[in-house]
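Read the numbers this way: they start at 1 and go in the same order the structure lists the ligands and their atoms.
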Amino acid sequence: MYAQSLNAKDLTPVAAEDATKLAVFQARIDAEEKIEPNDWMPEQYRRTLIRQISQHAHSEVIGMQPEGNWVTRAPTLKRKAQLIAKIQDEAGHGLYLYSAAETLGVSREELYEQLLSGRAKYSSIFNYATLNYADMGAVGWLVDGAAIMNQIPLCRCSYGPYARAMILICKEESFHQRQGYDIMLAMCRGTPEQRAMAQDALNRFWWPSLMMFGPHDSNSTHSELSLRWKIKRFSNDGLRQKFLDATVPQAHYLGLSIPDPDLRLNGATGHWEHGPIDWDEFARVLAGDGPCNRQRMKHRRQSEADGSWVREAAADYAAKHRRAAERAA
Ligand code: FAQ
């Protein structure tokens, strides 16, 4: 996904790295030591982290849009305050993550440019529309639920700044997931119309949430190296399975049905099994042809343009103070 440019041809392949340095690096990873910004690291480790962390940051920033759509229409003051707090958290996560990426030697301007030019992508899930208020419940419950499942292991990522950033982020994601489930619970205990809205939101967000974990392991290009370097701790399918096992009973508790006729509990393994995922849909969304890709990018570019005067004013103000300090020196 993300910064295809980061897969550029000038990348030093792992095989071309200094063998001794590589062995020491791997031994540190195996010993669960954290890699810090000034430590030696293989070029591909750096690039993989920049790609993943920046994608994650872009996802948080773009991920504010589907929810921003409902701030003015949240049903009560309490729900509105929760939604605003959640969206603010997501802005904060984006800033944290951009800072973590910057420690790897990439500038924030470059990362923004990659997003705005469409070279860097963001999570597929944020290209789906939020059509009714129950979607705020489904996003919190399922999307933040999937995000936490993926992100708790990232607190143990081998790269120190990313791992440390994830600790606060996961605490906040946990609140997000709970407020989403609380919305679903309230709607499922409400009128038949509210229950129908909750079921409709689950129907639309179920499959895209499963897709969030990425392609099947057999098609995951980056997993092997990311697992070896302990950037990822679990494979895409491994995390998807954990999500499924945690979420299906939650749906049943709500009295909702999962929109998957093939869903079954495997008595022998004790795990839930899902039907086939529509990978063509996933590919279309990644290629920029999902329901809201164009709208999301248009909005982001407009926000960037609208904010340019603030950045210019801040830069002028900083320059003015720098000149004053120089004159006084
Ligand atoms: N969407 O080889 P893999 C959130 C791409 S934050 C789009 O398996 P990897 C909070 C992948 O880049 C959500 N593209 O890749 C929130 C690669 O393409 P490339 C974001 C995807 O990196 C909640 C190709 O497919 N979370 O939700 C997706 O090892 C509510 C092959 O894939 C993170 O970013 C996808 N879903 O594993 C905010 C967590 N999946 O680059 C607001 C950190 C895969 O070769 C509201 N990221 N691709 O062209 C990760 O853990 C990993 O990057 C994965 C993908 C697991 C997402």
Side-chain angles (χ1 to χ4, degrees), residues 1-7 47-70 83 86-94 96-97 100-101 114 119-128 130 135-136 138-155 157 159 162 165-166 169-170 172-177 179-180 205 207-229 231-240 243 277 279 281-288 290 293 296:
M1 104 189 213
Y2 340 132
Q4 320 300 357
S5 60
L6 299 174
N7 296 327
R47 300 284 178 134
T48 298
L49 278 166
I50 292 174
R51 181 184 63 83
Q52 178 167 322
I53 300 172
S54 61
Q55 171 268 330
H56 194 164
H58 300 325
S59 301
E60 297 280 359
V61 169
I62 298 283
M64 291 190 281
Q65 289 187 39
E67 294 173 318
N69 188 30
W70 284 92
L83 193 56
K86 180 180 192 291
I87 295 169
Q88 284 180 341
D89 285 350
E90 280 146 12
H93 298 175
Y96 250 53
L97 290 164
Q114 286 168 355
R119 285 192 297 141
K121 299 190 181 68
Y122 52 86
S123 182
S124 48
I125 190 73
F126 302 116
N127 292 306
Y128 291 85
T130 46
D135 290 7
M136 296 303 94
V139 167
W141 171 38
L142 300 174
V143 177
D144 286 276
I148 297 175
M149 208 49 97
N150 167 276
Q151 292 174 18
I152 293 279
L154 291 175
C155 298
C157 167
Y159 187 58
Y162 191 25
M166 289 317 300
I169 291 176
C170 282
E172 293 180 345
E173 297 290 17
S174 170
F175 148 68
H176 297 173
Q177 195 270 353
Q179 68 83 42
F205 276 92
W207 292 105
S209 299
L210 290 188
M211 291 176 198
M212 278 179 75
F213 295 94
H216 280 316
D217 294 350
S218 51
N219 292 322
S220 168
T221 40
H222 304 291
S223 279
E224 198 245 317
L225 215 45
S226 290
L227 286 166
R228 193 196 308 163
W229 283 335
I231 294 172
K232 285 165 99 162
R233 294 278 176 163
F234 295 96
S235 74
N236 298 356
D237 286 332
L239 288 172
R240 194 169 9 247
F243 174 75
I277 293 175
W279 293 115
E281 176 179 322
F282 181 69
R284 276 197 305 280
V285 173
L286 259 62
N293 295 58
R296 300 289 183 243

How does K86 reach ligand 1, by side chain, by backbone, by both or by neither, if only non-hydrogen atoms under 4.0 Å count? side chain
Heavy-atom closest contact (P153 atom, R233 atom, distance): O-CG, 3.6 Å
Heavy atom under 4.0 Å from ligand 1: found in N236's side chain, backbone, both, or neither? side chain
So if I count the atoms of ligand 1 from 1 in the order they appear, which ones are less than 4.0 Å from some heavy atom of S123? 1 (N), 13 (C), 20 (C), 36 (N)
In this structure, which one of E173, Q151, M149 forms a side-chain contact (heavy atoms from CB on, under 4.5 Å) with D144? E173
Compute whether any side-chain donor of one residue and acceptor of the other, for S59 and Q55, lie under 3.5 angstrom apart. yes
Which option out of A120, P66, A147 puts a heavy atom nearest to atom 4 (C) of ligand 1? A147
Check for a donor-acceptor pair, side chain of S226 on one end and backbone N or O of H222 on the other, with a separation under 3.5 Å. yes
T221 neighbourhood, listing ligand 1 atoms whose heavy-atom distance to it stays under 4.0 Å: 2 (O), 31 (C), 45 (O)
Just jot down the ligand 1 atoms closer than 4.0 angstrom to any heavy atom of Y162, in number order. 43 (C)
So is E60 polar-close to ligand 1, meaning N/O to N/O under 3.5 Å? no
Does any N or O atom in M212 lie less than 3.5 angstrom from one in ligand 1, N or O only? yes
Sub-3.5 Å N/O-N/O distance, Q55 and ligand 1: yes
For Q151, the ligand 1 atoms with a heavy-atom partner under 4.0 Å come out as 6 (S), 26 (N)
Would you give me the side-chain donor-acceptor pairs under 3.5 Å for residues 210-217, sequence neighbours excluded?
from: H216; atom 1: ND1; to: D237; atom 2: OD1; distance (Å): 2.9
from: H216; atom 1: NE2; to: W279; atom 2: NE1; distance (Å): 3.4
from: D217; atom 1: OD1; to: S235; atom 2: OG; distance (Å): 3.4
from: D217; atom 1: OD1; to: N236; atom 2: N; distance (Å): 3.2
from: D217; atom 1: OD1; to: D237; atom 2: N; distance (Å): 2.9
from: D217; atom 1: OD2; to: S235; atom 2: OG; distance (Å): 2.7

Which heavy atom of F243 sits nearest a heavy atom of G145, and at what distance? CE1-C, 3.9 Å
Which atoms from ligand 1 have a heavy atom of D144 less than 4.0 Å away? 23 (C), 30 (C)
What residue among E172, M166, M64 forms side-chain contact (heavy atoms from CB on, under 4.5 Å) with H93? E172
Do you know which two heavy atoms are closest between I62 and F126, and how far apart they sit? CG2-CB, 4.1 Å
Which atoms from ligand 1 have a heavy atom of E173 less than 4.0 Å away? 10 (C)
According to side chain to side chain contact (heavy atoms under 4.5 Å, CB included), who are the partners of R228, at least two apart in sequence or on a separate chain? Q26, E224, L225
Suppose I only count heavy atoms of S220 and a 4.0 Å limit; which atoms of ligand 1 are within that range? 2 (O), 3 (P), 8 (O)
Check this for me - ligand 1, R51, N or O atoms closer than 3.5 angstrom, yes or no? yes
Below 4.0 Å from ligand 1: does a non-hydrogen atom of P215 turn up there or not? yes
Ligand 1 versus V285: contacting region, heavy-atom distance under 4.0 Å: neither
Ligand 1 versus N150: contacting region, heavy-atom distance under 4.0 Å: side chain
What about S59: any of its N or O atoms under 3.5 Å from an N or O on ligand 1? no
CD1/I53 to CD1/I231 distance, rounded to the nearest 0.5 angstrom? 8.0 Å
Looking at every non-hydrogen atom in both residues, tell me the closest pair between Y162 and C157 and how far apart they are. CD2-SG, 3.7 Å
Can you list the atoms of ligand 1 that are under 4.0 Å from a heavy atom of K232? 8 (O), 9 (P), 29 (O), 37 (O)
Distance in Å, Y122 OH paired with L286 CG, rounded so as to fall on 0.5 Å steps: 10.0 Å
Could you tell me whether some N/O pair between H222 and ligand 1 is separated by less than 3.5 angstrom? yes
